[in-house]
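Computation of the quantities below employed the complete heavy-atom set of this structure, encompassing side-chain atoms and omitting hydrogens, waters and symmetry-equivalent molecules. The sequence lines fix the lettering, A, B, ..., with proteins before strands; numbering per chain opens at 1.
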2 protein chains.
Amino acid sequence: MAQTLHNFHFEDLLTRHHLKKTAPRLRVLSMMSSRNTATSQPDLESVMNDIDRVTLYRILSAFEEKGIIHKVFDLNGTANYALCTSNCDEGHHHDEHLHFNCTNCKNVYCLNDMQLPAINLPAGFEPQAFTLYASGLCPKCSKKAVK
Amino acid sequence: MAQTLHNFHFEDLLTRHHLKKTAPRLRVLSMMSSRNTATSQPDLESVMNDIDRVTLYRILSAFEEKGIIHKVFDLNGTANYALCTSNCDEGHHHDEHLHFNCTNCKNVYCLNDMQLPAINLPAGFEPQAFTLYASGLCPKCSKKAVK
DNA sequence: GTTTAAACGCAACAATATTACAATTAACTA
DNA sequence: TAGTTAATTGTAATATTGTTGCGTTTAAAC
Ligand SMILES: [Mn+2]
Ligand SMILES: [Mn+2]
Ligand SMILES: [Zn+2]
Ligand SMILES: [Zn+2]
């Protein structure tokens, strides 16, 4: 996480997905990759406050469609966005990892390594995707709590 | 589900939680208990369109605080509400069951019997609650799909 | 350099949610 | 049973989040 990705990586990413390289898009990618947690819509909006809100929404939905980022709602129903690390395809994500929502700092962590256990459902239900959330204290906040 | 609950049950419920028995509250309880799926905020609002929106929000948050209902966001981030069946306490829910969101009819099902498997997290994370969602086709919609 | 589809910015609007305060009423008490 | 009061409701104003339509700009292709 917080791996040092350079601008040409993002430019590459955009080209591969047939998206024009534009300043707003590169900024969104750069911001997201600089964090080790997902970024909430309000955060995005305040940091990118010189980019039009509509443009931001369009960038986010384009990225999501292309499989570049995924959207996850936190416990308060707020949208959070994070880069996909699991080679998601256009229109087909497979980010079935655990999301951890800290009740203290509100951050949403993508725990990419945590695979979901097998779940079986009552007869009749035909599941296509699973999402697992955990909430509680993240490492930083649990340390503070000990003090 | 869709168990025939009578008005005096709800009145009882309200008294037990030190909530005044009012028409809007009884109607919300009655509506929710008549369904076997969670009720979305838009649904609630349109069915209860003669109750003020603010009142509705206040009823919902009061019920949630008291452990009478629980709130679950569907895949689109829309709030859905369902009665608690797991003896939730004031300020402390334990509705850790699976929620199934049908991609066709959009209904949210509380699968109260499905317990979550044990999940272990990376070091440092201190989970307090888990939430598991599945999406796909519900029994009704999967039947239709076969035709 | 020209062309053009894609992307952006702006304005208007829709949906969801919250806050402040005045009016009403369910529940308690005398 | 009437009177009192805190809880609840209604109303208005505002905030936040998200969408749509349309004119302008620009990255990319030729
Ligand atoms: Mn994630
Ligand atoms: Mn439920
Ligand atoms: Zn935290
Ligand atoms: Zn269905």
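Here A:Glu45 lies out of heavy-atom contact (under 4.0 Å) with every strand.
Ion pairing of B:Asp12 with B:Lys21 is absent here, as no side-chain N (NZ or NE/NH1/NH2) approaches a carboxylate O to less than 4.0 Å. Taking the charged nitrogens against the carboxylate oxygens, A:Arg58 and A:Asp52 have no contact shorter than 4.0 Å, which rules out a salt bridge.
For A:Lys106, there are no salt bridge (Lys or Arg N to Asp or Glu O under 4.0 Å) partners two or more places apart in sequence or in a different chain. Not counting sequence neighbours, the partners of A:Thr78 by the side chain to side chain contact (heavy atoms under 4.5 Å, CB included) test are A:Ser40, A:Pro42, A:Asp74, A:Asn76, A:Asn80. Partners of A:Glu45 according to the salt bridge (Lys or Arg N to Asp or Glu O under 4.0 Å) rule, which considers only residues two or more places apart in sequence or in another chain, are A:Arg53. Legend: residues meeting salt bridge (Lys or Arg N to Asp or Glu O under 4.0 Å) with B:Glu96, ordered by chain and number and at least two apart, are absent. Checked against side chain to side chain contact (heavy atoms under 4.5 Å, CB included), B:Asp89 has the following partners two or more places apart in sequence or in another chain: B:His92, B:His94. Considering only residues two or more places apart in sequence or on other chains, B:Lys71 meets the side chain to side chain contact (heavy atoms under 4.5 Å, CB included) condition with B:Glu64, B:Phe73, B:Ala79, B:Tyr81.
Between B:Thr22 and B:Lys71, the one whose closest nucleotide on DNA chain C sits nearer the 5' end is B:Lys71.
Residues in residues 112-131 of chain A take part in these ring pair (Phe, Tyr, Trp, His ring centres under 6.0 Å) pairs, two or more places apart or across chains: A:Phe125-B:Phe100, A:Phe125-B:Tyr109.
No path of Ile, Leu, Val, Met, Phe, Trp and Tyr side chains, each step under 4.5 Å between heavy atoms, connects B:Val72 with B:Leu44, placing them in separate hydrophobic clusters. A continuous path of hydrophobic side-chain contacts links B:Leu60 to B:Met31 [ILVMFWY only; heavy atoms under 4.5 Å].
Of the residues in residues 11-21 of chain A, those lying under 4.0 Å from DNA chain C by heavy-atom distance are A:Leu19, A:Lys20. Heavy-atom distances under 4.0 Å link DNA chain D to A:Arg53, A:Val54, A:Tyr57, A:Arg58 of residues 49-59 of chain A, given in residue order. Contacts of residues 23-30 of chain A with DNA chain C (heavy atom under 4.0 Å): A:Pro24, A:Arg25.
When side chains are defined from C-beta on, B:Leu29 counts as touching B:Ile68, because their heavy atoms get closer than 4.5 Å. You'll find the side chain of A:Pro122 reaches within 4.5 Å of the side chain of B:Leu111, heavy atoms only.
Side-chain N/O atoms of B:Asn101 and B:Ser135 include no donor and acceptor closer than 3.5 Å. Side-chain contact, A:His97 with A:Asp95: no donor N or O sits under 3.5 Å from an acceptor N or O.
The rotation axes computed at either terminus of the helix from C:dG1-D:dC30 to C:dA30-D:dT1 lie 30° apart, taking five pairs at each end and rounding to 10 degrees.
First and last contacts of DNA chain C with chain A, using any nucleotide atom under 4.0 Å from a protein heavy atom and ordered 5' to 3', fall at C:dA5 to C:dA11.
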